[in-house]
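Have a look at the structure below before the remarks.
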Amino acid sequence: MADQDPNQPTYSIGEVRERTGLSSRQIRYYEAMGLIESLRTNGKHRRFTEEMIDRLLTIKELLKEKSSIEAVRQALQQPGAGQSGLQKKTPALPRYPQMSRQGLTSLYPVSNRADLLAMIQWLEGQKKMKTNQDP
DNA sequence: ATTCTCACA
DNA sequence: TGTGAGTA
């Protein structure tokens, strides 16, 4: 029972960009808007933990429903907004938020690839949890 | 090569 | 938001 590494892996903005499908511009912008915080390396280069990436993913989905930064910020302040509500305790059954709603029909659009990636990662998280209480 | 900040089409 | 300039 020791899965708390002292050094949680961090990612460059470039990796975060590929994993979230967000542009570096957007990532920096959301940070400037106070929607997300980031770590800084020796220089000034941003560094993101998986929690932050998770939050970014939440922001991305939230921006589709809400259409203003303000609305997203408030939704984020409420508990269970991805950061600690996504893979902490999931009483409900596995159902990916935005995806299952419209369905994935093509992998061509870059944004879809990012969404698929996010969904897979989310699925992996569910699997890891299940593997501990497998009947 | 990659990211950073700032500013402008 | 994207993109280019000039750095670190």
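Labels below follow one simple rule: chain letters A, B, ... track the order of the sequence lines, proteins then strands, and each chain is numbered from 1.
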statement: For DNA chain C, the expected dot-bracket line (Watson-Crick or G-U under 3.5 Å, [ ] crossing, | inter-strand) is .|||||.|
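A/Tyr30 comes within contact range of the sugar-phosphate backbone alone, with a heavy-atom separation under 4.0 Å but no base atom that close. Among the protein residues, A/Gly43 comes within range of no part of the nucleic acid, since none of its heavy atoms lies under 4.0 Å from any strand. Residue A/Ser12 is in sugar-phosphate contact alone, with no base atom involved, counting any heavy-atom pair closer than 4.0 Å across all strands shown.
Under the 4.5 Å side-chain criterion, counting only non-hydrogen atoms from C-beta, A/Leu56 is in contact with A/Phe48. Looking at A/Leu35 and A/Val72, their side chains come closer than 4.5 Å, going by heavy atoms from C-beta outward. Here the side chains of A/Leu39 and A/Met52 are in contact, with some heavy-atom distance below 4.5 Å. Side-chain contact between A/Arg28 and A/Arg46 is present, with heavy atoms from C-beta onward closer than 4.5 Å.
As a whole-Å value, the separation of A/Arg17 CZ from C/dT3 C1' is 13 Å. Nucleotide C/dT1 holds its C1' atom 13 Å from the CE atom of A/Met33, rounded to whole Å. The CD1-P distance, from A/Ile27 to B/dC4, rounds to 9 Å in whole Å. For the pair A/Glu18 CD and B/dA1 C1', the computed distance is 14 Å after rounding to whole Å. Atom CG of A/Asn42 is separated from atom C1' of B/dT2 by 15 Å (rounded to the nearest Å). One interatomic measurement links the two molecules: CD1 of A/Ile13 to C1' of C/dT3, which rounds to 14 Å at whole-angstrom precision.
Within the structure, every side-chain polar atom (N or O) of A/Ser23 is placed at least 4.0 Å from both OP1 and OP2 of C/dT1. Between A/Ser24 and B/dT3 there is no side-chain N or O to OP1 or OP2 distance below 4.0 Å.
Checking A/Thr58 against A/Glu61 by side-chain atom types alone, no donor-acceptor pair falls below 3.5 Å.
Side-chain atoms of A/Lys60 come within 3.5 Å of backbone N or O of A/Thr20 as a donor-acceptor pair. When atom types are taken as modelled, the side chain of A/Glu15 and the backbone of A/Ser12 share a donor-acceptor pair closer than 3.5 angstrom.
For the pair A/Arg19 and A/Tyr11, the cation-pi criterion (under 6.0 Å, within 45° of the ring axis) is fulfilled.
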Got a list of protein N/O to nucleotides 5-9 of chain B N/O distances below 3.5 Å?
| unit_1 | atom_1 | unit_2 | atom_2 | d |
| --- | --- | --- | --- | --- |
| B/dT5 | OP1 | A/Arg40 | NH1 | 3.3 |
| B/dT5 | OP1 | A/Arg40 | NH2 | 3.2 |
| B/dT5 | OP2 | A/Arg46 | NH1 | 2.8 |
| B/dT5 | OP2 | A/Arg46 | NH2 | 2.8 |

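Comparing A/His45 and A/Ile69 along DNA chain C, the residue whose closest nucleotide (by nearest heavy atom) sits nearer the 5' end is A/Ile69.
One finds no salt bridge joining A/Glu37 and A/Arg55 here, because no Lys/Arg side-chain nitrogen approaches an Asp/Glu carboxylate oxygen to under 4.0 Å.
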